[in-house]
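Contents: one structure, followed by commentary.
Each chain gets a letter, A, B and so on, in the order its sequence line appears, and its residues count up from 1.
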Protein chains: 2
Amino acid sequence: MDRRIPVDDRTGRRIVPETARRADRPAPRYGTRPTMKDVAARAGVGLKTVSRVVNGEPGVTPDTERRVQEAIGALGFRRNDSARVLRKGRTASIGLILEDLADPFYGPLSRAVEEVARAHGALLINGSSAEDPEREQELALALCARRVDGLVVIPAGDDHRYLEPEIKAGVATVFVDRPAGHIAADVVLSDNFGGARDGVAHLIAHGHRRIGFIGDMPRIHTAAERLRGYRAAMEDAGIAVEDSWMSLGATDPGRVRPAAEAMLSGPAPVTAVFSANNRVTVTVIRVLAEQPRRVALVGFDDIELADLLQPGVTVVAQDAAALGRTAAERLFRQLDGTLVAPERIELPTRLITRGSGELPPAE
Amino acid sequence: MDRRIPVDDRTGRRIVPETARRADRPAPRYGTRPTMKDVAARAGVGLKTVSRVVNGEPGVTPDTERRVQEAIGALGFRRNDSARVLRKGRTASIGLILEDLADPFYGPLSRAVEEVARAHGALLINGSSAEDPEREQELALALCARRVDGLVVIPAGDDHRYLEPEIKAGVATVFVDRPAGHIAADVVLSDNFGGARDGVAHLIAHGHRRIGFIGDMPRIHTAAERLRGYRAAMEDAGIAVEDSWMSLGATDPGRVRPAAEAMLSGPAPVTAVFSANNRVTVTVIRVLAEQPRRVALVGFDDIELADLLQPGVTVVAQDAAALGRTAAERLFRQLDGTLVAPERIELPTRLITRGSGELPPAE
DNA sequence: CTGAAAGCGCTTACAG
DNA sequence: CTGAAAGCGCTTACAG
């Protein structure tokens with residue numbers, strides 16, 4: 001390592017001053033930016049003429065336009081959209097509230113929303129609720145205060161009456177992944193019930209009867225629906241579910257690991273596990289790898305590299321990007337005024353078999 | 001499946017009308033929202049008094065405050081931050097331009113930026129450049145027009161002179177992951193050169209001499225730096241690198257797969273591969289799994305489940321969240337006026353050995 | 001083709 | 001403790 005470069009001992013960072021000096025920057029005040037008035041003065045025209053040029057409106061002589069453009073360039077003018085927004089009403093921006101952008105499920109969803117927004121000339125403001133209802137509300141209302149045109153919400157809470165005045169005032173709103181609580185609103189969901197039921201039925205079809213279920217906290221809609229799917233599949237097969245086969249709670253390894261280990265021990269352990277979301281699946285895979293017997297696994301949500309593990313991980317995949325795209329399209333249709341009554345749209349899931357779900361019961 | 005529910009044949013979606021009707025929503029015009037003026041009229045006070053109550057400023061009698069609060073509640077008033085922003089100057093929002101939010105590298109980075117922004121009371125607007133310099137510029141300037149207080153940029157292009165007027169006008173700017181082009185600005189990078197050199201040296205230490213390098217397009221700074229690290233390690237070991245061992249280009253499987261296969265075939269194939277980013281690594285893992293001989297692998301960037309593959313994947317990990325956090329903190333220090341000259345901050349990488357990088361050469 | 005006046009919904013700087 | 005006036009930087013609705 002080049003020891004001439006100073007290194008911060010605590011963080012290990014190397015700190016190098018850039019050779020060039022920062023451009024002689026004035027105090028960061030907005031007053032320092034030129035306005036249309038400044039451009040008008042310099043070009044010797046009226047304010048409205050500058051506005052016409054900046055917005056590409058017709059009715060300006062080529063010569064006048066040239067003078068205005070010259071002034072814009074010389075002054076480094078850039079239209080202040082804050083002012084424009086105030087006058088025009090629409091902000092051409094929408095908000096997306098999700099749980100955590102660092103979760104691989106939400107990245108593609110957010111990107112899909114962004115693409116639809118972009119196609120409609122709108123920017124996207126992202127906010128992470130961290131699964132905290134209060135933070136969700138705080139974020140949603142802050143976005144409304146910024147006068148976003150619409151809101152796509154992956155709810156953390158289960159009561160959204162706080163949004164009623166906003167919706168009445170014209171803020172388009174679509175809920176995704178989980179339904180809204182106590183208000184009528186558009187909702188876009190995956191078929192959590194059907195997907196889980198199919199996944200569990202798949203394990204049953206491969207000879208399993210003692211099947212464990214590990215899921216998220218029961219107050220979360222998707223977790224409850226997936227549990228319902230599990231119960232339905234078991235009931236369809238005439239299997240009486242034992243309480244010790246089901247475990248719902250936080251999705252962190254500290255909770256999931258002992259839960260999985262408990263089901264896999266004792267006199268009559270489960271021979272298969274249905275893990276009800278991506279984070280649970282990752283931990284369950286780790287636990288199963290340590291087991292002496294082969295235990296079958298089907299997970300809800302696809303995970304990267306699932307096909308390269310041995311065995312490959314069979315999953316019930318949902319299409320995160322399609323959820324985002326569908327919700328955003330619906331949002332802009334609300335803004336167009338095309339829509340009337342709120343709807344609940346359910347997207348299908350897909351069972352992808354890769355090996356872990358096709359293992360027969362051990363013994 | 002419940003066949004009473006209508007299903008869209010093309011998409012497989014189920015469409016269910018929500019039972020409750022959408023609240024009798026007026027046309028989505030902002031004029032319909034109550035303003036401070038309306039609140040003042042209803043409460044029988046002046047505009048400024050409403051402003052005081054809304055902003056929690058002192059100097060209002062409890063009785064007056066009560067009347068104002070009542071009017072706010074009855075009218076469903078919410079302060080219009082667009083107007084506030086126009087008057088105050090700062091928007092309390094920052095922009096983040098990255099390549100693609102759907103890439104697992106950027107999710108944690110974005111989340112880290114968001115957390116710092118939140119701590120400073122600011123919202124975050126995300127934009128994906130899709131690795132297109134024009135789109136990066138378009139996004140950056142759109143954000144400046146919205147008067148974001150600052151910009152965190154993971155650049156797609158290599159010329160950022162277009163930002164000079166904005167920076168001069170007071171828009172705080174920090175570049176991350178790749179340096180700025182042709183302007184002096186704060187930059188936060190990983191130690192791409194050192195990390196790659198260490199990773200390749202690790203392979204050499206395990207007996208390899210014929211080592212392949214597969215990376216991103218050479219115009220991308222990180223790709224060039226990592227290649228430089230590869231060359232340095234090889235040179236340090238006195239190994240003459242053959243052209244056929246190096247392959248730079250797009251990171252999609254369609255390009256990476258044949259590149260990897262080419263190095264692994266012929267009379268003198270490589271015995272180890274250094275894959276220079278997460279997406280390349282994923283494809284290389286797939287190719288190596290199909291090889292008759294064991295080929296060693298070290299990848300730049302960590303990937304989820306890398307420890308569960310057989311063998312586990314040895315990687316040079318960078319800390320995406322730390323990159324984002326460091327950049328955002330730097331941004332707010334610029335806004336505080338604490339900073340003077342632009343700096344280049346380099347974060348260390350970390351070699352994580354899991355098996356694939358410790359395989360000896362085959363034969 | 002061009003521009004002066006009013007106004008979007010707030011905050012600022014004052015005055016009472 | 002309270003409020004009227006001016007202004008942030010644009011667009012709208014007019015008039016010339």
Side-chain angles (χ1 to χ4, degrees), chain A residues 28-68 71-72 75-92 142 144-149 169-170, chain B residues 28-68 71-72 75-92 142 144-149 169-170:
Chain A
R29 295 196 317 104
Y30 286 98
T32 63
R33 292 206 78 140
T35 69
M36 280 193 182
K37 207 173 147 194
D38 300 323
V39 174
R42 176 166 179 131
V45 300
L47 194 58
K48 178 61 195 167
T49 299
V50 176
S51 174
R52 285 200 181 88
V53 171
V54 168
N55 295 303
E57 286 167 25
V60 182
T61 2
D63 181 55
T64 309
E65 164 146 20
R66 205 173 309 120
R67 288 200 343 264
V68 172
I72 287 174
L75 262 36
F77 169 79
R78 181 166 312 285
R79 184 181 66 198
N80 183 336
D81 280 354
S82 286
R84 176 168 224 248
V85 151
L86 179 59
R87 192 61 239 243
K88 297 208 78 140
R90 289 224 173 155
T91 57
C144 289
R146 301 288 175 114
R147 294 293 188 269
V148 291
D149 297 329
Chain B
R29 296 196 316 103
Y30 286 97
T32 64
R33 294 207 77 142
T35 69
M36 281 194 182
K37 207 173 146 193
D38 300 323
V39 174
R42 175 164 181 132
V45 300
L47 194 58
K48 178 60 195 167
T49 299
V50 178
S51 174
R52 285 202 181 86
V53 172
V54 168
N55 296 302
E57 286 167 23
V60 182
T61 2
D63 181 56
T64 309
E65 164 144 23
R66 205 174 310 121
R67 282 189 0 253
V68 172
I72 288 174
L75 263 33
F77 169 79
R78 181 165 311 286
R79 184 181 65 198
N80 183 336
D81 280 353
S82 286
R84 175 167 225 246
V85 150
L86 179 60
R87 194 59 239 247
K88 297 209 77 139
R90 288 222 174 157
T91 57
C144 289
R146 300 289 176 111
R147 294 295 186 269
V148 291
D149 297 330

Name the stems that DNA chain C belongs to, where each is three or more consecutive Watson-Crick or G-U pairs with both distances under 3.5 Å?
C:1-3 with D:14-16, C:5-12 with D:5-12, C:14-16 with D:1-3
Can you name the one residue among Val39(A), Val60(A), Thr64(A), Thr35(A) that meets side chain to side chain contact (heavy atoms under 4.5 Å, CB included) with Val50(A)?
Val39(A)
Using whole Å, what does the distance between atom [atom2] of nucleotide [N] and atom [atom1] of [X] come to?
X	N	atom1	atom2	result
Asp63(B)	dC1(D)	CG	P	13 Å
Glu57(B)	dC1(D)	CD	P	13 Å
Lys88(B)	dG9(D)	NZ	P	15 Å
Leu86(B)	dA6(D)	CG	P	18 Å
Lys37(A)	dA4(C)	NZ	P	12 Å
Glu65(A)	dC1(C)	CD	P	12 Å
Arg90(B)	dT12(C)	CZ	C1'	18 Å
Met36(B)	dG7(D)	CE	C1'	16 Å

[X] to [Y] - nearest heavy-atom pair and separation:
X	Y	answer
Arg42(B)	Ala71(B)	CG-CB, 3.8 Å
Pro34(B)	Leu75(B)	CG-O, 3.2 Å
Asp38(B)	Arg33(B)	OD2-O, 4.1 Å
Arg146(A)	Ala92(B)	NH2-O, 3.0 Å

Is any N or O donor-acceptor pair between the side chain of Arg87(A) and the base of dG7(C) shorter than 3.5 Å?
yes
Should Ser82(A) be listed as having a side-chain N or O under 4.0 Å from OP1 or OP2 of dC8(D)?
no
Are Asn55(B) and dT11(C) close enough that a side-chain N or O sits under 4.0 Å from OP1 or OP2?
yes
Pairwise 5' ranking along DNA chain D for Ala83(B) and Val60(B), keeping only the more 5' one
Val60(B)
Just jot down the side-chain contact (heavy atoms from CB on, under 4.5 Å) partners of Asp63(A), sequence neighbours excluded, or say none.
Arg66(A), Arg67(A)
Those residues at least two apart in sequence (or on a different chain) that pass side-chain contact (heavy atoms from CB on, under 4.5 Å) with Val85(B) are Ser82(A), Thr91(B)
Please classify the nucleic acid contact of Asp81(A) as base, sugar-phosphate, or nothing, using heavy-atom distances under 4.0 Å.
nothing
Base, sugar-phosphate, or nothing for Thr64(B), non-hydrogen atoms under 4.0 angstrom?
sugar-phosphate
Arg84(B): salt bridge (Lys or Arg N to Asp or Glu O under 4.0 Å) partners, not counting sequence neighbours:
none
Going by salt bridge (charged side-chain N to carboxylate O under 4.0 Å, His left out), name the pairs with one or both residues in residues 44-55 of chain B, residues two or more places apart or in two chains.
Lys48(B)-Glu57(B)
Of the residues in residues 38-52 of chain B, which ones touch DNA chain D at a heavy-atom distance under 4.0 Å?
Val45(B), Gly46(B), Lys48(B), Thr49(B), Arg52(B)
